[in-house]
Amino acid sequence: GMGVPSPSQVVLLQELAHWNRLGGGGMSRDEHIANVADGVAEQLPEIFDIVLIRKGMGVPSPSQVVLLQELAHWNRLVEHMASSLAELKRALAGEVGMSNELDELASALFNGQLPPSWRKRAPATEKNLGAWMNHFNRRLKQYKGWVDDGEPMAMWLSGLHIPATYLAA
């Protein structure tokens, strides 16, 4: 709701103000959307090589089975983010038409909100885009650690796609 903006909103507002100054106040809506799209796209990681990870496990434990399921959800999210951002850039350049989904994506990026098509592929959240990207990067760090170093001593449950399956493992 209204009231005091969160730190991530403050950062986002500072960035917006910065971009407005760069554009002499004249940055178009499309330029602004393209900037935000680029900023997000730059943060997207390589997807996890699930086949390779699975091979290295031998017979996976119950919690490793959960990890593989989590990584599959994660990869689908990241692949969708990457393809939707690339498609949006093409639409902004006039190379392809602006579909309803791309229009929703553009509006969300412009307003600093989480795009609906990303929200569908991610754990439920009320976060705005800036806070959600911080959460996204923290999730990535936990998954990487789990893949590289084994199951974390203390699992950050809200970083998981479906925490209940981990708790049941």
Side-chain angles (χ1 to χ4, degrees), residues 1-19 33 35-88 101 104-105 107-169:
M2 296 298 289
V4 181
S6 69
S8 58
Q9 281 172 316
V10 171
V11 169
L12 197 63
L13 293 171
Q14 286 167 344
E15 284 173 9
L16 299 187
H18 175 64
W19 283 330
I33 292 165
N35 269 343
V36 178
D38 286 340
V40 174
E42 279 163 16
Q43 294 183 59
L44 292 182
E46 294 284 311
I47 61 168
F48 288 97
D49 185 338
I50 294 178
V51 174
L52 192 68
I53 292 167
R54 169 73 187 78
K55 267 194 187 136
M57 287 177 176
V59 177
S61 68
S63 70
Q64 285 176 322
V65 170
V66 172
L67 172 60
L68 294 169
Q69 291 168 344
E70 286 283 327
L71 295 181
H73 282 295
W74 173 264
N75 281 357
R76 277 198 292 275
L77 171 65
V78 172
E79 286 175 325
H80 173 75
M81 289 170 70
S83 64
S84 64
L85 289 168
E87 194 68 6
L88 177 61
E101 190 172 297
E104 282 184 336
L105 173 57
S107 294
L109 295 182
F110 184 73
N111 293 313
Q113 298 301 321
L114 182 60
S117 72
W118 300 5
R119 183 185 296 278
K120 280 202 302 248
R121 292 166 171 84
T125 181
E126 294 303 313
K127 291 176 167 54
N128 67 21
L129 183 61
W132 187 83
M133 284 305 300
N134 290 341
H135 186 258
F136 175 90
N137 285 318
R138 278 186 67 196
R139 292 180 67 203
L140 173 62
K141 213 166 131 184
Q142 172 159 278
Y143 287 140
K144 275 191 166 148
W146 194 353
V147 168
D148 296 340
D149 309 320
E151 190 173 341
M153 292 300 291
M155 184 69 69
W156 174 50
L157 290 172
S158 60
L160 300 179
H161 193 86
I162 309 175
T165 53
Y166 175 74
L167 293 173

- Query: Would I162 and Q69 satisfy side-chain contact (heavy atoms from CB on, under 4.5 Å), going step by step from the backbone distance to the final call?
  - Reply: CA-CA 9 Å; I162 309 175; Q69 291 168 344; over 6 Å; no
- Query: Just how far is it from atom CD of E70 to atom CG of N75, taken to the nearest 0.5 Å?
  - Reply: 11.5 Å
- Query: R54 side chain to G58 main-chain N or O, any donor-acceptor pair under 3.5 Å?
  - Reply: yes
- Message: How close do L105 and P115 get, counting heavy atoms only, and between which atoms?
- Response: CD1-CG, 3.4 Å
- E87 side, atom CD; E101 side, atom CD - distance, nearest 0.5 Å: 10.0 Å
- Are any of the side-chain heavy atoms of L85 and L109 separated by less than 4.5 Å? yes
- Item | Pair Y143 and W156, ring centroids less than 6.0 Å apart | no
- With a 4.5 Å heavy-atom cut-off, do L140 and V78 have their side chains touching? no
- Item | Where Q64 and V59 come nearest, the two heavy atoms and their spacing | OE1-O, 4.1 Å
- Message: Working to the nearest 0.5 angstrom, can you tell me the gap between S83 OG and L88 CG?
- Response: 11.0 Å
- Output field: ring centroids Y166/W146 closer than 6.0 Å: yes
- Message: Quick check: do E104 and S117 have side-chain heavy atoms less than 4.5 Å from each other?
- Response: no
- Item | Any residue meeting side chain to side chain contact (heavy atoms under 4.5 Å, CB included) with D49, in chain and number order, not counting sequence neighbours | V51, L52
- Audit row: R139, L77, side-chain contact (heavy atoms from CB on, under 4.5 Å) steps and yes/no: CA-CA 12 Å; R139 292 180 67 203; L77 171 65; 4.0 Å; yes
- Message: Using only atom types and a distance under 3.5 Å, with no angle test, would you say the side chain of Q142 pairs donor to acceptor with the backbone of G159?
- Response: no
- Heavy-atom distance under 4.5 Å between the side chains of L157 and L167, does that happen here? yes
- Item | From CD1 (I47) to CZ (R76), nearest 0.5 Å | 11.0 Å
- For R119 and T125, work out which heavy atoms get closest and say how close. NH1-O, 2.7 Å
- Task: Determine whether Q43 and F136 make a side-chain contact, defined as any pair of heavy atoms from C-beta on separated by less than 4.5 Å.
- Result: no
- W74 versus H161: any side-chain heavy-atom pair under 4.5 Å? no
- Query: How many angstroms lie between atom CZ of R121 and atom CD of E79, to the nearest 0.5 angstrom?
  - Reply: 10.5 Å
- Please examine the side chains of P45 and N137, heavy atoms only from C-beta on, and report whether any two atoms are closer than 4.5 Å. no
- Do you know the tightest heavy-atom contact between I50 and L71? CD1-C, 3.7 Å
- Message: Is there a side-chain contact between L67 and M57 in this structure, where contact means two heavy atoms from C-beta onward sitting under 4.5 Å apart?
- Response: yes
- Scan side-chain atoms only and decide if H135 and R138 contain a donor-acceptor pair under the 3.5 Å cut-off. no
- Message: As an exercise, state the distance from CD of Q113 to CG of L129, rounded to the nearest 0.5 Å.
- Response: 8.0 Å
